[in-house]
There are 2 protein chains.
Amino acid sequence: MIDKQSPIPIYHQLEEYIKQLIENGILKPDEAIPSEREYSEQYQISRMTVRQALNNLVNDGYLYRQKGRGTFVNKQKVEQKLQGLTSFTEDMKERGMVPSSRLISFEIIPAEPQLARKLDIKENTPVYEIKRVRMADNLPMALETSYLPANLVKGLTEEIINKSLYQHIEEKLSLTISEATQQIEASIAKDTEVSHLQVESGSPVLLIVRTSFLQDGTTFELVKSAYRADRYKFVHTMQRAAK
Amino acid sequence: MIDKQSPIPIYHQLEEYIKQLIENGILKPDEAIPSEREYSEQYQISRMTVRQALNNLVNDGYLYRQKGRGTFVNKQKVEQKLQGLTSFTEDMKERGMVPSSRLISFEIIPAEPQLARKLDIKENTPVYEIKRVRMADNLPMALETSYLPANLVKGLTEEIINKSLYQHIEEKLSLTISEATQQIEASIAKDTEVSHLQVESGSPVLLIVRTSFLQDGTTFELVKSAYRADRYKFVHTMQRAAK
DNA sequence: TGGATTTAGATGTCTATACCAGTTAAAACA
DNA sequence: TGTTTTAACTGGTATAGACATCTAAATCCA
């Protein structure tokens with residue numbers, strides 16, 4: 001399980017190992033995991049190294065400690081799942097639904113002033129505009145429009161979009177989204193939303209505007225979505241900041 | 001600065017000290033702080049102890065490290081402000097508005113099954129129910145109903161509520177909310193909401209249900225709010241979880 | 001039996017040391 | 001002068017041990 005010769009740090013190996021046991025349900029919530037000294041003896045590693053692994057897992061919310069008692073498995077929180085959320089696809093899968101989508105339009109347009117400001121690029125810079133109806137279990141869930149600076153994601157095709165845009169971005173272009181800001185508000189469905197989402201006029205929708213950033217701070221994408229209020233609820237967990 | 005005889009752990013003292021320097025602007029963003037070895041020598045403490053302090057500050061987002069270069073002060077992110085958000089009052093102040101509220105009703109009721117489940121208490125346990133219209137710059141912003149288990153916050157009075165419920169909870173009862181989950185959805189204003197929020201019937205509202213937890217995991221409060229969609233937008237930053 | 005005390009074992013704090021791996025700038029070299 | 005090497009930093013990983021503090025079970029005693 002633990003390979004001391006590996007270039008991967010020991011604490012990280014132990015971390016991944018324990019994380020696996022939790023995610024596979026072998027270690028159950030509120031169950032005590034072996035003590036630090038047990039890990040230390042079993043794998044012949046120092047107790048401080050074990051602590052480093054456990055501390056990371058505590059920080060990530062997988063474990064919690066009780067002085068004098070032991071270290072325990074945390075309940076799988078919705079939060080952990082949602083924090084990693086980047087795409088509609090991931091979100092729906094988390095909710096146990098099958099995501100799909102129908103492309104409405106796909107073109108390259110010059111960024112008008114407002115969009116340019118939001119994407120932090122110059123006016124009229126080419127931008128991909130992708131409009132899609134997002135579905136869950138084959139029912140319309142949201143109408144989504146994405147804007148991506150063309151210079152960041154060259155050679156985008158309909159095929160890639162229909163397959164998995166995010167997979168392409170992460171694996172082929174090896175770009176990683178590190179942070180995102182969301183603005184969420186309520187509204188009444190507009191005409192295009194009424195028709196694409198198949199709701200009655202006057203129906204409420206949840207508008208979510210997400211701006212995603214890369215590690216270096218580059219603005220990567222702007223996504224405007226209108227969700228059917230009767231089908232979608234946004235769930236979100238937050239920790240109180242230290243004073 | 002560092003008192004080795006103090007019952008307060010050394011790493012914690014150093015942590016608070018550095019945090020102060022950052023919050024008071026003495027250490028500026030992207031500025032390097034002294035190296036681990038410097039702290040170690042200056043205060044005659046072990047480097048591992050210094051690392052424990054710095055690690056905590058990195059985890060809390062105050063610092064970031066660069067291998068081979070040093071440890072630097074982070075920019076104060078909006079996220080950090082929003083993460084600490086717990087109450088309507090704090091939220092409005094962040095937005096530069098003056099919060100106020102009008103009490104509609106205040107009573108102790110037995111928890112019905114659904115509420116009991118959400119608060120994680122037994123059925124018919126006494127619960128405070130507080131209904132208020134929340135205002136920003138004297139304009140109705142939201143209709144809010146709070147539920148708090150009576151045994152957790154004994155002796156609540158109208159006066160306390162009108163003054164500052166959260167201040168009372170944190171300072172008098174010394175309870176700290178460590179985590180909260182929010183569910184956000186869009187809807188159409190109901191009759192009571194129409195009248196209290198002074199909107200037309202058919203107007204959209206943003207429904208937010210917040211459940212707050214104490215450090216030990218106790219469910220502390222359930223707050224249901226209906227915000228005027230034309231005045232309120234929920235903003236939220238998230239980091240991508242590590243894979 | 002029931003309450004106080006002991007004890008074993010858990011996490012928490014801290015030390016002192018060692019070596020590794022990036023980064024940078026000065027020193028040596030061509 | 002311009003390039004390369006080197007040395008002196010930085011944080012990252014890992015060890016082995018000490019003592020503190022808290023918890024719960026075992027033990028003892030009235």
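All heavy atoms count here, side chains included; hydrogens, waters and symmetry mates do not. Throughout, a chain's letter reflects where its sequence line sits, starting with A, and its residues are numbered from 1.
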Let me know the distance between [atom1] of [X] and [atom2] of [N], rounded to the nearest Å.
X     : N      : atom1 : atom2 : result
B:I45 : C:dT15 : CD1   : C1'   : 11 Å
A:E36 : D:dT15 : CD    : P     : 14 Å
A:E41 : D:dG17 : CD    : P     : 12 Å
B:Y43 : C:dT15 : OH    : P     : 14 Å
A:R47 : C:dG12 : CZ    : P     : 8 Å
A:Y39 : D:dT15 : OH    : P     : 16 Å
B:D3  : C:dC14 : CG    : C1'   : 15 Å
A:I10 : D:dT15 : CD1   : C1'   : 10 Å

Which nucleotide in the list D:dT15, C:dT11, C:dT13 gets nearest to the side chain of B:P9?
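In terms of side-chain proximity for B:P9, the closest of D:dT15, C:dT11, C:dT13 is C:dT13.
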
Tell me which nucleotide among D:dT15, D:dG11, C:dA16 gets nearest to the side chain of B:S46.
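Closest of the options to the side chain of B:S46: C:dA16.
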
Let me know which of B:L14, B:T71, B:I10 forms a side-chain contact (heavy atoms from CB on, under 4.5 Å) with B:V50.
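Going through the options one by one, the only one that passes is B:L14.
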
Sole candidate of A:L115, A:I130, A:T211 that passes side-chain contact (heavy atoms from CB on, under 4.5 Å) when paired with A:Y147
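Testing each of A:L115, A:I130, A:T211 against A:Y147, the sole residue satisfying side-chain contact (heavy atoms from CB on, under 4.5 Å) is A:L115.
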
Would you say the side chain of B:L207 lies within less than 4.5 Å of the side chain of B:K224, judging by non-hydrogen atoms?
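A side-chain contact under 4.5 Å is absent here.
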
Using a 4.5 Å cut-off on heavy atoms from C-beta on, say whether the side chain of B:I22 contacts that of B:N74.
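Side-chain contact under 4.5 Å: no.
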
Classify the ring geometry between [X] and [Y] as parallel (under 30°), tilted (30 to 60°) or perpendicular (over 60°).
X      : Y      : result
B:H236 : A:F234 : perpendicular
A:F72  : A:Y64  : parallel
A:Y128 : A:F106 : parallel

Look at all strands and tell whether A:Q13 reaches a base, only sugar-phosphate, or nothing, counting heavy atoms closer than 4.0 Å.
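No contact at all - A:Q13 keeps every heavy atom at 4.0 Å or more from the nucleic acid.
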
Go nucleotide by nucleotide along DNA chain D from the 5' end; which of A:Q66 and B:S35 gets its closest nucleotide reached first?
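Result of the comparison: B:S35.
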
Do B:Y62 and B:E15 meet the criterion of a side-chain donor-acceptor pair at a distance under 3.5 Å?
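No, no side-chain donor-acceptor pair sits under 3.5 Å.
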
Could you verify whether a donor N or O on one side chain and an acceptor N or O on the other, from B:N55 and B:R65, lie under 3.5 Å apart?
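Result is yes, a qualifying pair exists.
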
Those residues of residues 48-58 of chain B lying under 4.0 Å from DNA chain D by at least one heavy atom
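Those residues are B:M48, B:R51.
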
Is the shortest side-chain N/O distance from B:Y11 to OP1 or OP2 of C:dC14 below 4.0 Å?
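No.
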
Give me, pair by pair, the N or O atoms of the protein and of nucleotides 20-22 of chain C that are less than 3.5 Å apart, along with how far apart they are.
unit_1	atom_1	unit_2	atom_2	d
C:dG22	N2	B:G68	O	3.3

